[in-house]
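Have a look at the structure below before the remarks.
All values reported here derive from a predicted model rather than from experimental measurement. Positions are given from 1, in the same order as the sequence printed here.
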Amino acid sequence: MIFEVKDAISGIMILANDHYTAKAYDCTELTDLATDGVIPAGTLIPANDATAEGVLLTDVNIAENPNGAIVTHGAVVVAKLPETPSDAAISALTGVQFIED
């Protein structure tokens, strides 16, 4: 049997420090957020609006493993996100502190 080695974590580190809380999130239905099948770390999940539940911690390749983790409490660096959070998303994510870098 031949195995393929892949990095478990890819993408950029969006966190400002190592103090955060994250929860599992199934990204199967979020194909509209993906580019070439990958949702990038830092994407607001499920959308960049008042429905936001968290910030995607690492890249998620939907075809390989659609399970991701979203930061629900902690400090996130805005400059490392693929899109600037909307005012509605910031209001919805009361546990996430968006840090300008």
*State which residues pass salt bridge (Lys or Arg N to Asp or Glu O under 4.0 Å) with K23; sequence neighbours excluded, sorted by chain then number.*
E53
*Answer whether the closest heavy-atom distance between the side chains of P85 and V96 falls below 4.5 Å.*
no
Could you give the side-chain donor-acceptor pairs of residues 15-22 under 3.5 Å, partners two or more places apart or in another chain?
unit_1 : atom_1 : unit_2 : atom_2 : d
N17    : OD1    : H19    : N      : 3.0

*Applying salt bridge (charged side-chain N to carboxylate O under 4.0 Å, His left out), which residue pairs with at least one partner in residues 76-88 are found, sequence neighbours left out?*
none
*Closest approach of I99 to A75 (non-hydrogen atoms, all atoms of both residues)*: CG1-CB, 3.9 Å
*Answer yes if I90 and L93 sit in the same cluster of Ile, Leu, Val, Met, Phe, Trp and Tyr residues linked by side chain heavy atoms under 4.5 Å apart, and no otherwise.*
yes
*Would you say I14 and I70 are hydrophobically clustered, going by side-chain heavy atoms of ILVMFWY under 4.5 Å?*
no
_Could you work out, with side-chain hydrogen bond (donor to acceptor under 3.5 Å, both in side chains) as the rule, every residue matching T28, not counting sequence neighbours?_
D26
*Are L56 and M13 linked, directly or through other ILVMFWY residues, by side chains that come within less than 4.5 angstrom of each other?*
no
*Which residues share a side-chain contact (heavy atoms from CB on, under 4.5 Å) with A63, sequence neighbours left out*: N61
Side chains of residues 29-36: which donor-acceptor pairs under 3.5 Å do they make with residues two or more places apart or in other chains?
none

_Side chain to side chain, V55 and F98, heavy atoms closer than 4.5 Å_ = yes
*Looking only at heavy atoms, what is the nearest atom pair of C27 and V60, with distance?*
CB-CG1, 4.2 Å
Sequence neighbours left out, cut at 3.5 Å: what donor-acceptor pairs do the side chains of residues 40-52 make with other protein atoms?
unit_1 : atom_1 : unit_2 : atom_2 : d
T43    : OG1    : P40    : O      : 2.7
N48    : OD1    : S86    : N      : 2.8
N48    : OD1    : S86    : OG     : 3.2
N48    : ND2    : T84    : O      : 3.0
D49    : OD1    : T51    : N      : 2.9
D49    : OD1    : T51    : OG1    : 2.4

